[in-house]
**Q** 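Dumping the structure here so I can ask a few things about it.
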Amino acid sequence: MAEEKELRYDPAAIEAKWQERWAANPKLYAAEPASSSKPKYYVLEMLPYPSGQLHMGHVRNYSIGDALARHMWMRGYNVLHPMGWDAFGLPAENAALKNNTPPREWTLRNIAAMKRQMLRLGLGYDWATEVTTCLPGYYRWNQWFFLRMYEKGLVYRKKSKVNWCPECATVLANEQVVDGCCWRHEDTKVEQRDLEQWFLRITAYAQELLDGLEKLDGWPEKVRTMQRNWIGRSEGTEVDFFLAENVDEGLGTRDEGREVQGGLGIRGQRSERQRIRVFTTRVDTIFGATSVQLAPEHPVTEAFCAADAELKAKVDELIEQQTRAREAGDVGAIEKHGVPAGRFAINPYNGERVPIWVANYVLMEYGTGAIMSVPGHDQRDFEFAKKYGIEIRRVIAAAGPEAVEQELPFTSEDGVLVNSGEYDGLTCAAAQKKLQEVAAAGGFGEAKVTYRLKDWGVSRQRYWGTPIPMIHCERDGLVPVPDEQLPVVLPEQIEITQQGGSPLARVPEFVNTTCPKCGGPARRETDTMDTFIDSSWYFYRYTGAQNARAPFDSAKARYWFPIDQYIGGVEHAILHLIYSRFWTKVMRDLGLIENGEPARRLFTQGMVIKDGAKMSKSKGNVVSPDDMVARYGADATRMYALFAAPPDRDLDWQEDGVAGVSRFLGRVYRLVMKYAPIARRVRGENVALPVLHSGPQNILEDAESKLQRKLHQTIAKITQDFEGRWHFNTCVASIMELVNSIQSADASIASGGVNPAVIVELMRTLVLLLAPFAPYLAAELWEELGEQGDILRAPWPVSDPELAKEEELEVPVQINGKLVTVVRVAAAAAAEAMETAALSDEKVRSRAAGKRVVKVIVVAGKLVNLVVK
RNA sequence: GCGAAAGUGGCGGAAUUGGCAGACGCACCAGACUUAGGAUCUGGCGGGGAAACCCAUGGGGGUUCGAGUCCCCCCUUUCGCACCA
């Protein structure tokens with residue numbers, strides 16, 4: 001190296017070169033077959049919707065996943081790291097309206113653009129397994145699954161009140177309604193409409209979905225809690241209150257009531273005594289029930305209204321108030337209103353006659369839509385009773401010897417029954433059990449577990465989705481499309497308009513078909529499936545994306561599943577992640593897989609924000625990944641996304657920070673290039689590493705052992721982080737520290753104070769450590785160091801604890817807990833040696849002079865604290 | 001209202017178990033090299049003070065030889081849930 005010519009780090013050139021090389025070698029990122037002798041590792045990032053542009057949230061998500069995947073490759077794992085496209089959905093139809101581009105064309109073009117961006121970022125995906133959900137090769141399996149579920153009774157159709165987004169002009173699942181508004185249109189209120197809809201019986205798995213959460217200890221507690229709340233299990237009792245007098249209208253017992261979402265039809269045979277079934281978690285308080293409250297939409301309410309125009313007017317008013325309040329958004333703060341129905345119900349336990357009211361705080365969609373009101377022991381009933389002068393009765397007394405009369409409402413379950421006839425004196429828990437038995441024996445009630453989770457409404461009146469494979473025949477009714485006729489292909493030549501209703505209904509070639517059973521003329525179902533179906537199982541398809549005979553190969557799925565690490569945004573905590581768990585359980589019950597949960601570990605990364613707000617077009621604070629890559633390169637952009645904050649926290653995007661990372665990469669480049677010639681020479685000569693001198697006699701350290709120590713500490717730190725803590729921000733910082741150390745030692749290196757073999761070791765390892773974070777630069781420098789083969793297959797460095805160990809420590813010395821000085825001692829120094837060193841320190845002596853040392857606290861290897869008086 | 005997470009320099013953030021608060025980076029200041037620099041290198045950089053020192057992790061108490069970290073009360077922000085009977 002006679003003269004060093006100015007070397008400039010040119011990410012554009014380096015990255016272009018390697019992108020080309022990698023493209024020519026698709027095997028590089030491909031998983032090996034299940035017969036591989038390596039342990040498997042499935043790392044998955046949530047697949048994007050192909051909007052046409054990656055945003056920074058994607059860049060962050062994929063930078064985390066790619067770093068992990070690369071690390072695992074280097075650790076010798078057989079890694080599956082796939083990517084795909086959640087390609088059905090409304091934006092494609094909106095774009096079609098706006099630009100007159102067919103949805104398919106628009107979508108495929110967007111996919112191509114985003115794939116280019118991903119390749120430019122250097123993300124290591126196995127593109128041979130790419131999944132695109134809007135292609136018939138994929139969505140035919142949605143249809144296939146739908147038919148299998150239909151056979152198992154997990155699919156049903158019913159007319160119900162549904163959530164309707166006027167903006168989307170389609171139905172939404174409960175999970176897609178946020179604060180009474182559409183999840184995609186935050187300002188659009190969701191309306192209620194009556195429609196025939198297809199449902200998946202996710203409630204059949206409610207208990208299992210809940211129980212499974214206990215074992216998912218690799219998932220964030222936050223997500224598990226959200227799912228628990230969403231499933232909303234509650235144990236209680238259903239009890240029938242009899243109507244004091246029969247009503248002429250067609251009232252009856254409710255049998256399948258719970259299955260029905262929203263308003264329900266009045267059905268079932270007329271019973272001899274008409275009854276109102278209530279759900280309660282506190283049946284022990286039933287002697288305190290002083291009224292029965294019905295939801296305004298309850299069928300009994302409707303029956304009353306049919307016979308009482310005045311009541312109907314009042315109930316309609318209630319419903320309207322309720323709707324207005326919902327629209328205002330503050331559901332919890334709505335004042336309780338009600339109207340007396342002018343009728344009475346009979347408490348089955350004591351024959352007491354209590355008035356029936358219609359109340360706005362009783363929800364038709366939960367429980368039975370009717371409650372017994374116990375104002376003495378329920379906060380809400382109490383407020384209501386106060387307002388309307390309904391009797392408030394104490395039936396529970398606080399437990400304990402000096403049982404002070406608790407003020408009502410007393411809502412604790414820690415008490416005993418009073419004023420409850422023969423049940424007086426029982427504890428709440430005992431009374432609940434006893435009363436349930438009595439109800440069951442008497443045929444007027446039973447123990448009941450209720451869930452908040454509702455069945456999944458999957459019908460959408462949209463075009464760009466999977467056609468539901470069902471046929472309506474006048475003679476045979478509902479007929480499933482036979483498997484051999486799959487896929488039911490989405491017609492492509494179709495005019496997208498803004499008219500309501502299913503666009504497919506306006507395509508006669510699609511609608512008109514023949515009945516598979518009788519051969520007669522029939523009509524196809526024109527609803528399409530919710531796109532969350534697409535994303536419920538896509539990660540299984542990655543194990544064999546070309547499979548034309550089955551959704552996936554069960555043997556392969558057995559090998560790869562469960563996913564070892566799933567990474568995505570927390571916004572999918574309930575929607576996607578609960579549907580996926582449901583789908584996995586269904587597939588297991590179909591015998592396709594053995595795992596009961598899709599992913600062992602889940603990681604939810606934080607949002608990318610800028611200037612204190614989430615990046616969004618409306619706020620005008622969007623930073624384009626393309627711009628960043630063009631200015632600073634993919635390596636710097638990705639590394640900044642990891643460096644700026646720990647991955648689970650929100651990240652504040654600051655472009656100056658990207659520039660800083662880019663400068664750092666430049667320093668690495670120049671540093672390694674400077675020593676690359678030595679490395680190439682040493683490789684040829686096979687120079688042995690020197691043995692590190694150790695022992696207490698070597699308190700004076702030389703540059704060489706210092707550097708080696710720093711190196712091995714860095715290896716240990718980063719390796720540990722990949723194994724769990726995932727603080728990649730501090731991993732990057734530690735690499736920076738290592739580089740700083742090497743640069744500070746530059747003079748000693750130049751003067752020959754460092755063995756060339758150590759220099760090579762430093763350079764090689766530095767580049768290896770960098771590889772998961774800055775893959776382009778690492779690949780380039782690996783080659784410059786004269787190494788053969790791809791760095792992705794080079795073994796991850798191993799930290800030698802002996803080399804990482806400090807020989808000498810700086811020990812802080814405190815007096816009364818305040819820092820006074822720092823003394824240097826051998827790392828192995830015993831407590832006495834530390835104490836001696838501290839006490840003999842001049843500063844310590846002068847500070848302690850004239851005072852009495854009461855106590856000396858010595859923490860081996862940590863610190864010395866003198867307590868003086 | 002209920003639940004969870006968080007609050008540390010001008011900024012993003014460090015500080016695995018209680019043990020030198022501010023790693024690393026940005027911004028800023030000074031210097032070097034330069035025709036120039038949005039390049040590179042060197043040094044400085046929580047506040048107060050001439051210094052010795054003192055004060056500092058949202059606020060107030062407490063435990064401890066020692067608290068950013070543990071306990072109690074309060075404030076603020078973010079997220080989730082919100083009449084679930």
Side-chain angles (χ1 to χ4, degrees), chain A residues 6-9 179 220-223 225-226 228-230 232-234 236-237 278-283 285 293 295 322 325 330-336 359-363 365-374 378-381 383-384 450-452 570-571 573-574 606-607 609 612 640 643-646 648-661 663-664 666-667 670 717 720-721 724-725 727 729-737 739-740 743-744 746 810-822 854-859 861-868:
Chain A
E6 181 75 4
L7 264 175
R8 248 189 66 243
Y9 168 52
D179 291 334
E221 193 49 51
K222 181 187 165 96
V223 172
T225 304
M226 284 169 75
R228 246 178 241 124
N229 292 341
W230 187 260
R233 178 191 155 101
S234 112
T237 314
V278 304
F279 175 72
T280 176
T281 52
R282 294 296 307 277
V283 70
T285 65
Q293 309 281 348
Q322 187 76 339
D330 198 5
V331 187
I334 298 170
E335 205 195 326
K336 292 174 179 51
N360 67 342
Y361 71 98
V362 180
L363 309 173
E365 50 292 351
Y366 186 76
T368 61
I371 63 165
M372 62 178 202
S373 178
V374 184
D378 181 282
Q379 182 64 39
R380 294 151 302 173
D381 295 344
E383 287 169 32
F384 190 85
T450 296
Y451 298 92
R452 208 187 76 124
V570 75
E571 63 273 18
I574 38 188
M607 285 189 308
I609 58 177
Y640 175 74
F643 176 61
D648 55 326
R649 289 246 290 262
D650 285 353
L651 181 156
D652 190 43
W653 195 272
Q654 294 182 3
E655 189 171 331
D656 285 339
V658 189
V661 171
R663 269 200 294 276
F664 168 70
R667 278 166 58 209
R670 288 186 299 274
K717 192 257 177 294
Q720 250 175 58
D721 256 297
R725 213 169 68 125
H727 279 199
N729 55 329
T730 58
C731 289
V732 174
S734 70
I735 297 176
M736 289 172 170
E737 283 185 54
V739 170
N740 290 347
Q743 284 192 324
S744 329
D746 205 44
E810 293 192 332
V811 175
V813 181
Q814 300 177 333
I815 292 182
N816 290 340
K818 299 228 171 198
L819 181 71
V820 173
T821 187
V822 170
V854 180
K855 200 172 169 189
V856 181
I857 291 136
V858 183
V859 183
K862 287 277 186 187
L863 102 169
V864 178
N865 186 16
L866 310 181
V867 185
V868 304

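What you see is a predicted model; the values in this text were computed from it and never measured. We name chains A, B, ... by the order of the sequence lines, and we start the count at 1 in each one.
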**Q** Counting just side-chain N and O atoms, does Thr730(A) come under 4.0 Å of either OP1 or OP2 of C24(B)?
**A** no
**Q** Would you indicate which nucleotide in G19(B), A85(B), C20(B) comes nearest to any side-chain atom of Leu863(A)?
**A** G19(B)
**Q** Looking across every strand, which nucleic acid part, if any, lies under 4.0 Å from Phe643(A) by heavy atom: base, sugar-phosphate, or nothing?
**A** base
**Q** Considering just the side-chain nitrogens and oxygens of Arg663(A), establish if one lies under 4.0 Å of OP1 or OP2 belonging to A27(B).
**A** yes
**Q** Quick one: does NZ or CZ of Lys336(A) land under 6.0 Å from the six-membered ring centre of Phe384(A), within 45 degrees of the ring axis?
**A** no
**Q** Please pick, from A27(B), U16(B), G25(B), the nucleotide with the shortest atom-to-atom distance to any side-chain atom of Met736(A).
**A** G25(B)
**Q** Kindly point out which of A85(B), C65(B), U17(B) is positioned nearest to the side chain of Lys862(A)?
**A** U17(B)
**Q** Looking only at side-chain N and O atoms, does Asn229(A) offer a donor or acceptor that is under 3.5 Å from a partner on Arg452(A)?
**A** no
**Q** What's Val867(A) touching, base or sugar-phosphate or nothing? Going by heavy atoms closer than 4.0 Å.
**A** sugar-phosphate
**Q** If you compare every side-chain N and O of Asn865(A) against the phosphate oxygens of C20(B) (OP1, OP2), does one of them come in below 4.0 Å?
**A** no
**Q** Between G12(B), C24(B), A39(B), spot the one nearest the side chain of Glu737(A), thanks.
**A** C24(B)
**Q** In whole angstrom, give me the gap between the P atoms of G68(B) and U57(B).
**A** 7 Å
**Q** Under 3.5 Å for both donor-acceptor distances, Watson-Crick or wobble: does C28(B) have a partner, and if so which one?
**A** G44(B)
**Q** Which class fits the ring pair Tyr640(A) and Trp653(A): parallel under 30°, tilted 30 to 60°, perpendicular over 60°?
**A** perpendicular
**Q** Among C65(B), C79(B), C81(B), find the nucleotide with the atom closest to the side chain of Arg452(A).
**A** C81(B)
**Q** Counting side-chain heavy atoms from C-beta on, which of A14(B), A85(B), G12(B) comes nearest to Thr280(A)?
**A** A85(B)
**Q** Which of these nucleotides, C55(B), C20(B), G13(B), is closest to any side-chain atom of Lys818(A)?
**A** C55(B)
**Q** Syn if the chi torsion is within 90° of 0, anti otherwise; quick check, which is G7(B)?
**A** anti
**Q** Between C65(B), C81(B), C11(B), which nucleotide gets closest to the side-chain atoms of Ile574(A)?
**A** C81(B)
**Q** Please classify the nucleic acid contact of Gln814(A) as base, sugar-phosphate, or nothing, using heavy-atom distances under 4.0 Å.
**A** base
**Q** Would you indicate which nucleotide in A23(B), U40(B), G12(B) comes nearest to any side-chain atom of Ala733(A)?
**A** A23(B)
**Q** Closer than 4.0 Å, any side-chain N/O of Arg725(A) to the OP1 or OP2 of A15(B)?
**A** yes
**Q** Would you indicate which nucleotide in A14(B), C65(B), A85(B) comes nearest to any side-chain atom of Phe279(A)?
**A** A85(B)
